[in-house]
Structure formats: C-alpha cells, structure tokens
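Inspection log for the structure reproduced underneath, given as structure tokens.
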Amino acid sequence: VQLQASGGGLVQAGGSLRLSCAASGRSFGSYVMGWFRQAPEKEREFVAAFSRTGSSTYYADSVRGRFTISRDNAKRNLIWLQMNNLNPEDTAVYYCAGGDTIITSSIRSPSAYRHWGQGTLVTVSS
C-alpha cells in the first residue's frame with residue numbers, strides 16, 4: 001500500500017490543522033494505521049494510531065485531548081489527524097504509517113510499521 005500525507009502548513013499557537021493520509025494500491029482495512037512525527041534533530045515519535053479493527057485508538061500523552069485520529073470506514077483508504085490547540089512543540093514533519101503485522105504492544109514503535117508516507121511539515125509559530 002502507498003501512503004500520501006497532506007495538510008501540513010504554518011499555523012499560530014492555539015490554532016488547528018487537519019492532516020490527511022490517503023492510501024492507494026489497496027485499502028488499509030486490516031492494517032494498523034498511525035501518525036508519527038519527527039522534529040529537527042529528534043527521533044521519530046509516536047503520535048496516534050488505530051488498532052487493526054479500528055475499534056481502538058492510541059495517543060501519545062503529549063497530544064491526548066488535543067489531537068484526534070479518525071478514518072473513512074466506508075472506503076478504508078483515508079485517515080485524518082485533527083490537531084487542535086497547537087503549540088510550538090508540535091512543530092515537526094508528520095508521517096502516516098501502516099502495517100499489517102503489528103501487535104498492540106508495538107503500536108507506538110516506528111520500527112513496527114512497514115509502510116510510510118512521505119511526510120508533511122507542520123510549523124507552529126509562537
């Protein structure tokens with residue numbers, strides 16, 4: 001499956017952005033799908049993810065309550081990340097990722113994901 005992330009941009013602190021990730025080649029129906037981010041000179045970190053069935057969601061503590069992951073359950077080829085109340089610490093390149101062999105205990109680990117989008121830059125100004 002090929003993933004294409006979009007929706008990044010420049011926003012002021014306190015603002016909102018909505019990222020999209022489109023899957024092509026096949027649907028992500030049975031995949032764990034997630035969002036990660038990487039700030040300059042930092043390691044890639046987990047942001048949010050769906051379980052394989054989509055019935056469970058997982059969030060990093062730093063974004064819980066501000067970010068919401070959602071997906072198109074009908075077509076199963078589109079996921080979103082709604083980001084509210086952004087702050088400068090959220091500045092990073094955001095990546096969507098997917099994998100079909102990920103177990104729950106590995107959902108927050110970048111190395112568990114086989115498919116990655118190209119990333120979209122989010123810049124939050126103070």
Side-chain angles (χ1 to χ4, degrees):
V1 58
Q2 292 78 45
L3 303 176
Q4 177 86 23
S6 61
L10 174 64
V11 63
Q12 288 188 330
S16 298
L17 279 176
R18 190 192 199 201
L19 305 184
S20 300
C21 177
S24 60
R26 60 162 291 171
S27 72
F28 56 72
S30 61
Y31 278 48
V32 168
M33 295 297 298
W35 288 96
F36 289 79
R37 67 186 181 185
Q38 188 164 18
E41 301 182 359
K42 291 190 176 181
E43 293 187 354
R44 192 167 298 188
E45 65 174 4
F46 171 78
V47 175
F50 272 111
S51 63
R52 189 185 310 278
T53 62
S55 60
S56 298
T57 53
Y58 304 84
Y59 293 95
D61 289 342
S62 59
V63 307
R64 186 175 289 112
R66 300 188 297 123
F67 291 12
T68 302
I69 188 171
S70 59
R71 71 182 203 175
D72 179 343
N73 285 315
K75 295 182 180 179
R76 296 187 175 183
N77 62 354
L78 197 60
I79 66 170
W80 300 278
L81 184 69
Q82 177 67 42
M83 306 186 295
N84 297 329
N85 194 21
L86 287 159
N87 60 61
E89 290 70 38
D90 296 316
T91 294
V93 176
Y94 283 71
Y95 299 89
C96 61
D100 55 353
T101 60
I102 300 173
I103 59 177
T104 302
S105 60
S106 298
I107 271 184
R108 292 174 170 82
S109 174
S111 62
Y113 291 75
R114 190 170 127 197
H115 305 282
W116 290 86
Q118 85 291 356
T120 185
L121 177 62
V122 172
T123 303
V124 184
S125 63
S126 57

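From Leu81, atom CG reaches atom CZ of Arg37 across 9.5 Å, with rounding to the nearest 0.5 Å. To the nearest 0.5 angstrom, Ser24 atom OG is 11.5 Å from Leu78 atom CG. For the atom pair CZ (Arg66) and OG1 (Thr68), the distance works out to 11.0 Å, reported to the nearest 0.5 Å.
Clustering ILVMFWY residues whenever any of their side-chain heavy atoms sit less than 4.5 angstrom apart, transitively, puts Phe67 in the very cluster that holds Trp35. Ile79 is connected to Val1 through a chain of hydrophobic side-chain contacts under 4.5 Å among Ile, Leu, Val, Met, Phe, Trp and Tyr, so both are in one cluster. Leu121 and Trp116 fall within a single hydrophobic cluster, where Ile, Leu, Val, Met, Phe, Trp and Tyr side chains are chained together by heavy-atom contacts under 4.5 Å.
Tyr31 contributes no side-chain N or O that, together with a main-chain N or O of His115, makes up a donor-acceptor pair within less than 3.5 Å. Counting only distance, with no hydrogens or angles, the side chain of Thr91 and the backbone of Thr123 share no donor-acceptor pair below 3.5 Å. Arg52 places a side-chain N or O within donor-acceptor distance of the main-chain N or O of Asp100, the cut-off being under 3.5 Å.
Taking the ring centroids of Tyr95 and Phe36, they lie at or beyond the 6.0 Å cut-off.
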Practice task
Evaluate side chain to side chain contact (heavy atoms under 4.5 Å, CB included) for Cys96 paired with Gln118, printing each intermediate quantity in order.
Solution key: CA-CA 8 Å; Cys96 61; Gln118 85 291 356; over 6 Å; no
Exercise for the section: Could you give me the CA-CA distance, side-chain angles and deciding distance for Ile102 and Ile107, then say whether side chain to side chain contact (heavy atoms under 4.5 Å, CB included) is met? Expected result: CA-CA 6 Å; Ile102 300 173; Ile107 271 184; 4.0 Å; yes
Problem - Verdict with supporting geometry, Leu86 and Leu17, side chain to side chain contact (heavy atoms under 4.5 Å, CB included) - result: CA-CA 8 Å; Leu86 287 159; Leu17 279 176; 4.2 Å; yes
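Counting heavy atoms from C-beta outward, Ile69 and Met33 have side chains that stay 4.5 Å or more apart. Contact of the Tyr58 side chain with the Ser51 side chain is registered, since non-hydrogen atoms from C-beta on lie closer than 4.5 Å. Side-chain contact between Val124 and Val122: present, with at least one pair of heavy atoms (C-beta onward) separated by less than 4.5 Å. Side-chain atoms of Val47 and Tyr94, non-hydrogen and from C-beta on, do get closer than 4.5 Å to each other.
Nearest heavy atoms, Tyr59 versus Ala48: CD2-CB, 3.6 Å. Heavy-atom minimum distance, Ser126 versus Pro88: CB-CG, 3.8 Å.
Sorted by first and then second residue, the pairs that involve residues 3-17 and meet side-chain hydrogen bond (donor to acceptor under 3.5 Å, both in side chains), not counting sequence neighbours, are Ser16-Asn84. Residue pairs meeting the side-chain hydrogen bond (donor to acceptor under 3.5 Å, both in side chains) criterion with at least one partner in residues 104-113, sequence neighbours excluded, are Ser109-Ser111.
Under the side chain to side chain donor-acceptor pair (under 3.5 Å) criterion, Gln38 pairs with Arg44, not counting sequence neighbours.
Just one residue in the list Val11, Asp90, Leu19 forms a side-chain contact (heavy atoms from CB on, under 4.5 Å) with Met83, and that residue is Leu19.
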